[in-house]
2 protein chains.
Amino acid sequence: MKTVQRADVDTFTAIAHPVRRQLLDLLANNEQSVSELASQFEVTRPAISQHLKVLLDAGLVSEQRHGRERIYSLKPAPLRELDAWLEAYRHLWEEWLDRLDEYLQELQTKETEHDED
Amino acid sequence: MKTVQRADVDTFTAIAHPVRRQLLDLLANNEQSVSELASQFEVTRPAISQHLKVLLDAGLVSEQRHGRERIYSLKPAPLRELDAWLEAYRHLWEEWLDRLDEYLQELQTKETEHDED
DNA sequence: TTGACAGGTAAGCCATTGCTAACGTATAAT
DNA sequence: ATTATACGTTAGCAATGGCTTACCTGTCAA
């Protein structure tokens, strides 16, 4: 099967830019045209077009032509790769929080002791 | 309280580079010195040092000096920000997968019908 | 058919990134 | 005291990224 050949941008790179994350956030609510999207940013429409291309190449959005408009919508599937990568760390930060918690409790105990002096 | 002032690198940028992700992956197993880490990459040690600085600035690793060695270890806490961002999308890709599943089943049904011709 | 609008794309610019080679500075070993 | 080791840092380079302006194409409206 051969779909339209695209540049194959990796997910991590795609979401690295704040504008692109905000684009995804906007599209998470509802699909929108390019101008509609662009109107919500400071940068020019071509800049948004370019960001959308990156997202398209990463498979994070799809476009649908309606007359002279192009409606972009979110395709969240590639984000699962990110989630999978994170998975390996999840238990680690939970451990980390537990240790922090222990430490804080210890600290509080010591302060109480100090108050009793 | 004033810790050492750092450049404040954002988490998304920090994990955008494959070498930096691999560094985190290595440190997830056990803390290691710079040379130890560098030996596992193609690029030179200074390059690894620079990547480690980015991770340090992002708060994703910490260093501990032991004689002339610096032992780096993982500090997974900032990854929670990523997890939080992803959270908003999790139900979306689940929906997406459900729809994909429905579509595939529908496809299979049609193929079976076709076989029966 | 002519004009307006949506939006992709190219050119050019500047800032940033990622790398290496070279150097500097602490600590450890002889 | 000298030398070796571990590592950060700097300078310089090529490549990339992100932006704008200008331009081009396709569609809708008058």
Side-chain angles (χ1 to χ4, degrees), chain A residues 3-27 30-74, chain B residues 3-27 30-74:
Chain A
T3 46
V4 187
Q5 197 51 38
R6 302 228 160 262
D8 193 39
V9 168
D10 102 287
T11 314
F12 293 91
T13 305
I15 65 160
H17 197 289
V19 167
R20 289 196 291 266
R21 284 200 301 280
Q22 206 183 328
L23 279 169
L24 294 178
D25 289 345
L26 289 170
L27 293 175
N30 54 319
E31 49 182 38
Q32 292 174 56
S33 72
V34 177
S35 326
E36 218 171 336
L37 288 167
S39 72
Q40 302 169 73
F41 291 85
E42 295 275 287
V43 295
T44 61
R45 185 192 48 75
I48 297 299
S49 259
Q50 287 159 19
H51 282 306
L52 284 171
K53 183 177 185 337
V54 174
L55 293 174
L56 207 53
D57 289 352
L60 281 163
V61 303
S62 62
E63 68 173 16
Q64 200 180 348
R65 304 186 189 196
H66 270 306
R68 54 187 169 181
E69 289 192 334
R70 305 206 186 181
I71 308 300
Y72 281 82
S73 32
L74 186 67
Chain B
T3 45
V4 186
Q5 196 52 36
R6 302 230 160 262
D8 193 40
V9 168
D10 101 288
T11 314
F12 292 91
T13 305
I15 65 160
H17 197 290
V19 166
R20 288 196 291 267
R21 283 200 300 281
Q22 206 183 328
L23 279 168
L24 294 178
D25 288 344
L26 289 170
L27 292 175
N30 54 320
E31 48 182 38
Q32 292 174 54
S33 72
V34 177
S35 326
E36 219 172 335
L37 288 167
S39 72
Q40 301 167 74
F41 291 85
E42 296 273 287
V43 295
T44 59
R45 185 192 47 75
I48 297 299
S49 259
Q50 288 160 17
H51 282 305
L52 285 170
K53 183 175 184 338
V54 174
L55 293 174
L56 207 53
D57 290 352
L60 281 163
V61 302
S62 62
E63 67 174 17
Q64 200 180 348
R65 306 188 187 192
H66 268 306
R68 54 188 168 180
E69 288 191 334
R70 306 206 186 182
I71 308 300
Y72 281 83
S73 31
L74 185 67

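Letters go in sequence order (proteins before strands), and every chain restarts at 1.
The nucleotide range of DNA chain C contacted by chain A, defined by atoms under 4.0 angstrom from heavy atoms of the protein and reported 5' to 3', is C:dA4 to C:dA10.
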Identify each donor-acceptor pair in which a side-chain atom of residues 37-46 of chain A lies under 3.5 Å from a protein atom, sequence neighbours left out, and give them as a table.
| residue | atom | partner | partner atom | Å |
| --- | --- | --- | --- | --- |
| A:S39 | OG | A:E36 | O | 2.7 |
| A:Q40 | NE2 | A:Q32 | OE1 | 2.8 |
| A:Q40 | NE2 | A:E36 | O | 3.0 |

Donor-acceptor list for residues 11-18 of chain A side chains, cut-off 3.5 Å, not counting sequence neighbours:
| residue | atom | partner | partner atom | Å |
| --- | --- | --- | --- | --- |
| A:T11 | OG1 | A:E81 | OE1 | 2.8 |
| A:T13 | OG1 | A:D10 | OD1 | 2.3 |
| A:H17 | ND1 | A:V19 | N | 3.0 |

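From A:R20, atom CZ reaches atom CD of A:Q50 across 10.5 Å, with rounding to the nearest 0.5 Å. A:L74 contributes atom CG, which lies 11.0 Å from atom CG of A:N30 (distance to the nearest 0.5 angstrom). Between the CG atom in A:L23 and the CD1 atom in A:I48 there is a gap of 5.0 Å [rounded to 0.5 Å].
Put simply, the side chain of B:L52 does not reach to within 4.5 Å of the side chain of B:L56, judged on heavy atoms. Counting heavy atoms from C-beta on, the side chains of B:V54 and B:L60 never come closer than 4.5 Å.
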Filtered N/O pairs between nucleotides 8-10 of chain D and protein, under 3.5 Å:
| residue | atom | partner | partner atom | Å |
| --- | --- | --- | --- | --- |
| D:dG8 | OP1 | B:Y72 | OH | 2.6 |
| D:dG8 | OP2 | B:S49 | OG | 2.2 |
| D:dG8 | N7 | B:R45 | NH1 | 3.1 |
| D:dG8 | O6 | B:R45 | NH2 | 3.1 |
| D:dT10 | O4 | B:Q50 | NE2 | 3.3 |

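Non-hydrogen atoms lying under 4.0 Å from DNA chain C are contributed by nothing in residues 15-23 of chain A.
Taking a cutoff of 4.0 Å between a charged side-chain nitrogen and a carboxylate oxygen, A:R21 and A:D25 do not qualify as a salt bridge.
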Readout for nucleotides 25-30 of chain D: B = base within 4.0 Å of protein heavy atom, S = sugar-phosphate only, - = neither; 5' to 3' it is --BB--
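Nearest heavy-atom pair, B:S49 versus B:V34, reported as atom, atom and distance to 0.1 Å: OG-CG1, 4.1 Å. When every heavy atom of B:Y72 is checked against every heavy atom of B:V61, the shortest pair comes out as CD2-CG2, 3.8 Å.
Proximity of A:T44 to the phosphate of D:dT20: a side-chain N or O atom is located under 4.0 Å from OP1 or OP2.
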